Every structure is written in C-alpha cells, then in structure tokens.
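Data first, discussion second: the structure below is written as structure tokens.
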Amino acid sequence: MTTEDKQLTLDRRYLRMASIWAENSYCVRRKVGAILVKDKMIISDGFNGTPSGFENVCEDDNDTTKPYVLHAEANAITKVARSNNSSEGSTLYITASPCLECAKLIIQSGIKRVVFNELYRISDGIDLLRRAGVEVVQVTI
C-alpha cells in the first residue's frame with residue numbers, strides 16, 4: 001500500500017468519524033461534524049449548534065438558521081483553544097466544506113490541511129484557504 005493510499009484510508013476513517021459526530025447536532029436543516037487531528041490523534045471535535053447554555057434549537061419558526069448558531073469548525077477550534085493542545089499543523093476533517101468565516105478561523109488557528117466530504121454551495125471558504133496555502137482535499141466516504 002502506497003503512502004497516498006494509507007493517507008486516503010485515514011482520511012476516509014476520520015471523515016466517517018466526523019459524520020457520526022454530526023449526529024450530535026440538534027440542527028434540522030443540516031448536521032455538520034468536525035474532527036481535528038494532529039499526529040494521528042484526535043485533539044478536538046465539534047458539531048454545529050447553539051452556544052453553551054442556549055436552547056438546542058438551531059432554526060426559527062420560518063426554518064431559517066438562527067444567526068448565533070456556531071459551525072462545527074468553529075466549535076472544534078474554540079474547544080481546542082480551551083485545552084492544552086495546539087491546532088498548529090493539524091488537519092481538520094469536516095463533513096461539509098467550510099464557509100468564508102470558518103476559513104478565516106482555520107487559517108488563524110494554524111491548521112495546515114482541511115479534508116471535507118460534501119461541497120457546500122458557496123466555495124469562497126475553500127478559495128481563501130487555498131490562497132493562504134492550506135491544503136484542501138475533497139474525499140468521498
């Protein structure tokens with residue numbers, strides 16, 4: 001098995017884990033999960049949802065996502081920031097490609113690689129990551 005084959009196998013495993021983690025989300029419209037990996041160890045995880053202490057309702061009566069709902073990537077990044085770990089040089093596995101705002105957080109947190117499954121309808125987050133030199137890979141699971 002080549003190095004590329006081994007990496008693809010690991011990428012698919014971590015993406016499946018992110019997909020399972022997405023099941024924790026209370027959001028109805030879209031459930032997104034994220035796993036942050038460094039040196040083959042999971043150092044953080046996240047899923048989209050409301051901030052701590054808020055009711056677990058992501059959409060309003062019109063089925064529109066509430067403006068304060070956090071994305072899975074933001075939850076994983078802020079969670080690692082509160083720990084003793086560093087996201088510098090890590091890989092972020094996400095079930096859907098990141099938005100522009102999350103891309104900014106990814107760049108600033110030192111994440112060097114982003115692997116996602118589903119392409120979001122807007123690609124400006126991916127464009128910004130690539131511009132910043134972050135490796136971005138789409139992998140189907």
Side-chain angles (χ1 to χ4, degrees), residues 1-60 62-141:
M1 185 178 263
T2 67
T3 304
E4 291 89 18
D5 290 339
K6 288 179 183 176
Q7 185 62 59
L8 182 59
T9 298
L10 277 176
D11 288 346
R12 285 193 172 126
R13 284 181 186 153
Y14 286 126
L15 274 177
R16 285 196 307 269
M17 292 173 77
S19 180
I20 290 167
W21 203 243
E23 294 174 15
N24 289 318
S25 173
Y26 287 92
C27 297
V28 176
R29 292 180 62 220
R30 172 178 288 231
K31 295 178 184 295
V32 179
I35 302 286
L36 193 55
V37 176
K38 185 174 180 178
D39 301 325
K40 295 184 182 175
M41 292 187 330
I42 296 170
I43 60 170
S44 190
D45 51 56
F47 51 88
N48 58 327
T50 57
S52 297
F54 281 61
E55 74 289 347
N56 288 319
V57 179
C58 297
E59 295 86 10
D60 62 21
N62 297 322
D63 200 34
T64 302
T65 301
K66 294 180 180 179
Y68 53 82
V69 169
L70 290 157
H71 289 187
E73 307 93 296
N75 272 325
I77 291 167
T78 55
K79 187 175 183 179
V80 78
R82 294 177 68 175
S83 74
N84 292 327
N85 286 315
S86 167
S87 54
E88 188 71 37
S90 63
T91 299
L92 182 64
Y93 292 90
I94 327 164
T95 57
S97 60
C99 71
L100 185 64
E101 293 303 313
C102 286
K104 293 178 201 176
L105 293 174
I106 291 165
I107 293 164
Q108 290 301 98
S109 64
I111 294 168
K112 293 298 174 204
R113 188 165 181 260
V114 173
V115 181
F116 68 93
N117 179 34
E118 179 188 335
L119 185 63
Y120 185 61
R121 60 183 170 81
I122 303 168
S123 65
D124 53 0
I126 292 173
D127 299 339
L128 185 67
L129 290 172
R130 288 191 172 131
R131 181 176 170 195
V134 176
E135 181 185 354
V136 181
V137 182
Q138 182 175 15
V139 174
T140 55
I141 53 174

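Values in this document were obtained by computation on a predicted structure and should not be read as measured data.
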Open item on the list: Ser90 and side chain to side chain contact (heavy atoms under 4.5 Å, CB included): which single residue from Asn85, Ile77, Leu36 fits?
Closed with: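 Exactly one pass, corresponding to Leu36.
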Task: side chain to side chain contact (heavy atoms under 4.5 Å, CB included) partner of Phe116, chosen from Val137, Ile126, Val139 - done: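 The option that passes is Ile126.
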Task: side chain to side chain donor-acceptor pair (under 3.5 Å) involving Thr65 - partner list, sequence neighbours excluded - done: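 Partners of Thr65 under the side chain to side chain donor-acceptor pair (under 3.5 Å) test: Arg29.
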State whether the side chain of [X] and the backbone N or O of [Y] hold a donor-acceptor pair below 3.5 Å, judged by distance alone.
| X | Y | answer |
| --- | --- | --- |
| Asn48 | Ser25 | no |
| Asp60 | Asn62 | yes |
| Thr95 | Ala18 | no |
| Lys38 | Gly89 | no |
| Ser19 | Leu15 | no |
| Thr78 | Ala74 | yes |

Calculate, to the nearest 0.5 Å, the distance between atoms [atom1] and [atom2] belonging to [X] and [Y] respectively.
| X | Y | atom1 | atom2 | result |
| --- | --- | --- | --- | --- |
| Cys99 | Glu73 | SG | CD | 6.0 Å |
| Thr91 | Ile43 | OG1 | CD1 | 9.5 Å |
| Ile107 | Leu128 | CD1 | CG | 4.0 Å |
| Ser123 | Leu129 | OG | CG | 11.0 Å |
| Cys102 | Asn75 | SG | CG | 9.0 Å |
| Ser97 | Leu119 | OG | CG | 4.5 Å |

[X] to [Y] - nearest heavy-atom pair and separation:
| X | Y | value |
| --- | --- | --- |
| Ser87 | Ser109 | OG-O, 2.6 Å |
| Ala76 | Ala34 | CB-CB, 4.3 Å |
| Glu55 | Thr50 | O-OG1, 3.0 Å |
| Asp5 | Met1 | CB-CG, 3.4 Å |

- [ ] Using the side chain to side chain contact (heavy atoms under 4.5 Å, CB included) rule, take Cys58 and Arg30 through it: C-alpha gap first, then chi angles, then the decisive distance, then the call.
- [x] CA-CA 10 Å; Cys58 297; Arg30 172 178 288 231; over 6 Å; no
Does a side-chain heavy-atom distance below 4.5 Å link [X] with [Y]?
| X | Y | result |
| --- | --- | --- |
| Arg16 | Tyr93 | no |
| Asp45 | Met17 | no |
| His71 | Val32 | no |
| Asn117 | Thr140 | yes |
| Asp11 | Arg113 | yes |

- [ ] Go through the steps to decide whether Val69 and Cys27 satisfy the test side chain to side chain contact (heavy atoms under 4.5 Å, CB included), and finish with yes or no.
- [x] CA-CA 9 Å; Val69 169; Cys27 297; 4.2 Å; yes
Open item on the list: For Gln138, is the CD atom crowded, meaning more than 12 foreign heavy atoms sit under 6.0 Å from it?
Closed with: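 Counting other residues, nucleotides and ligands, CD of Gln138 exceeds 12 neighbours.
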- [ ] With sequence neighbours left out, write down each residue that passes ring-ring contact (aromatic ring centres under 6.0 Å, His included) with Phe54, or none if nothing qualifies.
- [x]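 Counting only residues at least two positions away or on another chain, Phe54 forms a ring-ring contact (aromatic ring centres under 6.0 Å, His included) with Tyr68.
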